[in-house]
Amino acid sequence: MNGSETVVVTGFGPFRQFLVNPSWEAAQGLKLVGLGEQINVYIKEVVVSYIKTQQIIAEIWQTLKPKFAVHLGIARGSRVVILEQTGKNSGYRDRDVCGFCPESHCCVEGGPEKLDSVVNMRAVSKPFKQAGMDVIYSRDAGRYLCDFAYYCSLYHGQRRAALIHVPSSGSLASADRLVPLLQSIIQSMLGQLEGPSQTA
């Protein structure tokens, strides 16, 4: 690798009882600690709005052309970090913070029903689980704005994206515990991208 490469990290804006969304706090923490010498971390707060999310994600891929995008979202009531494998295109029926829901109930009309990240989230989660960390793998991102943002990013970015649900309670809900763990997880994902199975 020569020169620096951009990794985008997004977190969501205020949502229900979260006046400051923990996912956005985690994104800011990752910007501070970085992801390694050759990586330029670009962070962006995403409004909990379907229309704004679509615009922001498309813009990220068109203008920044990142190596990888990591979307952080909050899992209400969860005490664990959840690595999501799959983004779903349809079934979006819950209203966003603007009271809006897409008429088509989908992210990209005519797009594939689901898209998987190029990163094998099960493989990423394994060493953390074995080390006793609260990191789990999931194939159902919940069909709200986290899932919506993830699918849009997988679609625009040739599947070079990840969605990590961060806990809203428990010991990992504190940024000083969460951020170093997220840093290790994302570095592991980037390591997999560099792996022999990936073609440019």
Side-chain angles (χ1 to χ4, degrees), residues 1-2 4-12 21-44 46 60 66-88 114-142 146-147 149-151 153-154 157-200:
M1 291 284 123
N2 36 11
S4 67
E5 294 182 295
T6 299
V7 172
V8 170
V9 180
T10 71
F12 280 98
N21 197 312
S23 65
W24 175 236
E25 288 183 307
Q28 291 171 300
L30 282 164
K31 173 77 176 168
L32 284 174
V33 299
L35 291 170
E37 280 182 22
Q38 298 299 313
I39 303 285
N40 168 37
V41 179
Y42 176 91
I43 61 170
K44 180 80 181 166
V46 179
I60 283 170
K67 174 190 178 71
F68 195 60
V70 179
H71 306 288
L72 303 176
I74 185 85
R76 287 198 304 157
S78 170
R79 304 171 72 87
V80 299
V81 171
I82 307 167
L83 310 185
E84 301 288 354
Q85 185 68 58
T86 308
K88 307 278 196 326
K114 58 183 190 159
L115 288 171
D116 281 343
S117 173
V118 294
V119 171
N120 180 335
M121 299 299 170
R122 193 191 294 272
V124 171
S125 67
K126 219 172 177 177
F128 292 98
K129 274 180 83 168
Q130 286 167 343
M133 302 286 209
D134 287 327
V135 178
I136 64 169
Y137 152 90
S138 158
R139 295 192 75 93
D140 182 3
C146 296
D147 204 347
Y150 191 27
Y151 183 92
S153 194
L154 291 166
Q158 283 79 50
R159 301 176 28 239
R160 292 191 322 276
L163 170 61
I164 304 175
H165 269 123
V166 301
S168 60
S169 60
S171 62
L172 281 175
S174 73
D176 53 346
R177 297 263 331 253
L178 181 62
V179 169
L181 176 57
L182 290 176
Q183 182 188 37
S184 299
I185 289 170
I186 296 165
Q187 285 171 330
S188 172
M189 290 178 180
L190 295 173
Q192 212 188 89
L193 278 184
E194 298 294 328
S197 63
Q198 292 301 324
T199 50

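Bear in mind that the values here come from a model prediction, so they are computed numbers and not experimental data. Just so it is clear, the values below take in all heavy atoms, side chains as well, and ignore hydrogens, waters and symmetry mates.
The nearest pair of heavy atoms linking Val33 to Gln183 is O-NE2, 3.6 Å. A pairwise comparison of heavy atoms in Ala141 and Leu163 identifies CB-CD2, 3.7 Å as the closest pair. Shortest non-hydrogen contact noted between Lys88 and Arg139 is NZ-O, 2.8 Å. Across all non-hydrogen atoms, the minimal contact from Thr86 to Asp147 is O-OD1, 4.0 Å. Heavy-atom minimum distance, Ser153 versus Ala69: OG-CB, 3.8 Å. Closest heavy-atom contact between Tyr137 and Arg122: CD1-N, 3.2 Å.
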**OP:** With side chain to side chain contact (heavy atoms under 4.5 Å, CB included) as the test, would you mind laying out the steps for Met133 and Ile185 before giving the verdict?
**Re:** CA-CA 11 Å; Met133 302 286 209; Ile185 289 170; over 6 Å; no
Subject >> Val9/Lys31 under side chain to side chain contact (heavy atoms under 4.5 Å, CB included): CA gap, chis, key distance, verdict >> reply: CA-CA 8 Å; Val9 180; Lys31 173 77 176 168; over 6 Å; no
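With hydrogens and angles disregarded, a donor-acceptor distance shorter than 3.5 Å links the side chain of Tyr150 to the backbone of Glu84. Looking at Ser4, its side chain never comes within 3.5 Å of a backbone N or O of Asn40 through a donor-acceptor pair. Between the side chain of Gln85 and the backbone N or O of Val119, at least one donor-acceptor pair lies under 3.5 Å. When atom types are taken as modelled, the side chain of Ser169 and the backbone of Arg79 share no donor-acceptor pair closer than 3.5 angstrom.
With respect to Leu72, the side-chain contact (heavy atoms from CB on, under 4.5 Å) criterion is satisfied by exactly one of Ile43, Leu182, Asn21: Leu182.
In this structure the side chain of Ile60 reaches within 4.5 angstrom of the side chain of Thr10, judged on heavy atoms. Counting heavy atoms from C-beta outward, Gln38 and Leu190 have side chains that stay 4.5 Å or more apart. A 4.5 Å side-chain heavy-atom check between Val81 and Leu178 finds at least one atom pair inside the cut-off.
Once rounded to the nearest 0.5 Å, the distance linking NZ of Lys44 with CH2 of Trp24 reads 8.0 Å. Atom CD1 of Ile186 sits about 8.5 Å away from atom CZ of Phe68, to the nearest 0.5 Å. Here the CG-OG distance, from Leu172 to Ser78, works out to 9.0 Å after rounding to the nearest 0.5 Å. Rounded to the nearest 0.5 angstrom, His71 NE2 and Ser117 OG are separated by 9.5 Å. We find the CG-CG distance between Leu181 and Asp176 to be 12.0 Å, quoted to the nearest 0.5 Å. To the nearest 0.5 Å, the span separating NZ on Lys67 from CD1 on Ile39 amounts to 6.0 Å.
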